[in-house]
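To start, the structure under review is shown below, and the notes come after it.
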Number of protein chains: 2
Amino acid sequence: MFSIGELSKRTKVKVPTIRYYEEMGLLAEPERTAGNQRRYTNEGLERLSFIRHARDLGFSIEAISSLIELQNHPDRSCEAATKIAEGQLSEVRAKIKRLKALENELKRIAQGCDGRGVVEDCYVLASLADHDLCDQDH
Amino acid sequence: MFSIGELSKRTKVKVPTIRYYEEMGLLAEPERTAGNQRRYTNEGLERLSFIRHARDLGFSIEAISSLIELQNHPDRSCEAATKIAEGQLSEVRAKIKRLKALENELKRIAQGCDGRGVVEDCYVLASLADHDLCDQDH
DNA sequence: TGTAGTGCCTCTAGTGACTAGAGGTTCAAG
DNA sequence: CTTGAACCTCTAGTCACTAGAGGCACTACA
């Protein structure tokens, strides 16, 4: 049995964030001391580690909620879990694609100006003002 | 002179968003009709196109604010503008790097399970529960 | 056993960049 | 002159936290 501060240290999740997860229903409400302070067991620690790892991988609170719901039914098919992970993967891939297009455009814009001229002739500002100067979609 | 709806159509920025930009000080307060409705000129249209393009490229409202401030002083050096664009570029690159690490991890996790088993043995869920199963930092 | 100091409690409000809705007014077409 | 779409302001909600106020609980040491 350990306090919320101890749990925070072990999982590297901040104390208010732990309380927030509890409020969102991701973490079960733990036992309390006579003085109303939260006391966690290893189960709470494992659950929070799971949540943190999933958040690190970019899963939304809602997706994590579904995954936890699944964990509570070990006998069900894990198809849904795989689907959620695949969904997350395609979101990440879409973001990468978009960011790469932005990277190219920004590179072109930033290289077009050495920063030594004046604002009036600045290629950076001209590019932002006029989309037609762009190479690609974004 | 045209209405906010017309401006919205031409720039593809939603009406409430235009009002929001005005409130944030990105757009100058336009003239009003006798009945208190906004009326824009070409200047407003150009300004909003600039903002939209910069937002599409991921610049924050704050960064755009600085860029607009610069535009109001055409005689100044454009070093600051170039710096802002370069800053944005490195942020984008950092995001891409992080997302690529996530992509690898998610690919590995999603491939580890064909979705045909049961939750109890699911590699997706096991991977999320145990960070040690991961290949790389993320 | 007393006390100091850190940690914990709840509650409210703020972040960024919008988005949604209520309730009311104005405009333009027919 | 009427109808209905577009406009107005204001408040509140989104997501995943983060910050702060004001007050109580726990623990270590004297």
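Every value quoted in this text rests on a predicted model; they were computed, and no experiment measured them. Within every chain, numbering begins at 1; the chains are lettered A, B, ... in the order of the sequence lines, protein sequences first and strands thereafter.
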>> So that I can tick it off, tell me whether A/Glu105 and A/Arg108 are bridged by a salt bridge, with the cut-off set at under 4.0 angstrom between side-chain N and carboxylate O.
In response: yes

>> Just the rounded figure in Å: distance from C1' of D/dC15 to CD1 of A/Ile64.
In response: 12 Å

Would you be so kind as to tabulate the donor-acceptor pairs closer than 3.5 Å made by side chains of residues 48-55 of chain B, with sequence neighbours excluded?
unit_1: B/Ser49; atom_1: OG; unit_2: B/Leu45; atom_2: O; d: 2.8
unit_1: B/Arg52; atom_1: NE; unit_2: B/Asp56; atom_2: OD2; d: 3.4
unit_1: B/Arg52; atom_1: NH1; unit_2: B/Lys12; atom_2: O; d: 3.0
unit_1: B/Arg52; atom_1: NH2; unit_2: B/Asp56; atom_2: OD2; d: 3.3
unit_1: B/His53; atom_1: ND1; unit_2: A/Ser127; atom_2: O; d: 3.2
unit_1: B/His53; atom_1: ND1; unit_2: A/Leu128; atom_2: O; d: 3.1
unit_1: B/His53; atom_1: NE2; unit_2: A/His138; atom_2: NE2; d: 3.1
unit_1: B/Arg55; atom_1: NH1; unit_2: B/Phe59; atom_2: O; d: 2.6

Distance-only donor-acceptor hits, side chain of residues 21-33 of chain A, under 3.5 Å, sequence neighbours excluded:
unit_1: A/Glu22; atom_1: OE1; unit_2: A/Arg38; atom_2: NE; d: 2.8
unit_1: A/Arg32; atom_1: NH1; unit_2: A/Asn36; atom_2: O; d: 3.0
unit_1: A/Thr33; atom_1: OG1; unit_2: A/Gly35; atom_2: N; d: 3.2
unit_1: A/Thr33; atom_1: OG1; unit_2: A/Asn36; atom_2: N; d: 3.3
unit_1: A/Thr33; atom_1: OG1; unit_2: A/Gln37; atom_2: N; d: 3.0

> So, are A/Arg10 and A/Glu6 salt-bridged, with charged N and O less than 4.0 Å apart?
Replying inline: yes

> What is the per-nucleotide protein-contact pattern of nucleotides 4-22 of chain C, from the 5' end, where B denotes a base atom under 4.0 Å from a protein heavy atom, S denotes such proximity for sugar-phosphate atoms only, and - denotes neither?
Replying inline: ---BSSB------BBS---

>> List the residues meeting salt bridge (charged side-chain N to carboxylate O under 4.0 Å, His left out) with A/Arg39, not counting sequence neighbours, and say none if there are none.
In response: none

> Should we say atom NZ of B/Lys95 is surrounded by more than 12 heavy atoms from elsewhere, each under 6.0 Å from it?
Replying inline: no

>> Within residues 41-50 of chain B, which residues have any heavy atom lying less than 4.0 Å from an atom of DNA chain C?
In response: none

>> My understanding is that only residues two or more places apart in sequence, or in another chain, count here; which of them pass side-chain hydrogen bond (donor to acceptor under 3.5 Å, both in side chains) with B/Asp130?
In response: none

> Given atom CD of A/Glu23 and atom P of D/dT18, what is their separation to the nearest angstrom?
Replying inline: 14 Å

>> Could you tell me how far apart A/Ile51 (CD1) and D/dA16 (P) are, to the nearest whole angstrom?
In response: 13 Å

> So does A/Lys107 have more than 12 non-hydrogen atoms from other groups sitting under 6.0 Å from NZ?
Replying inline: yes

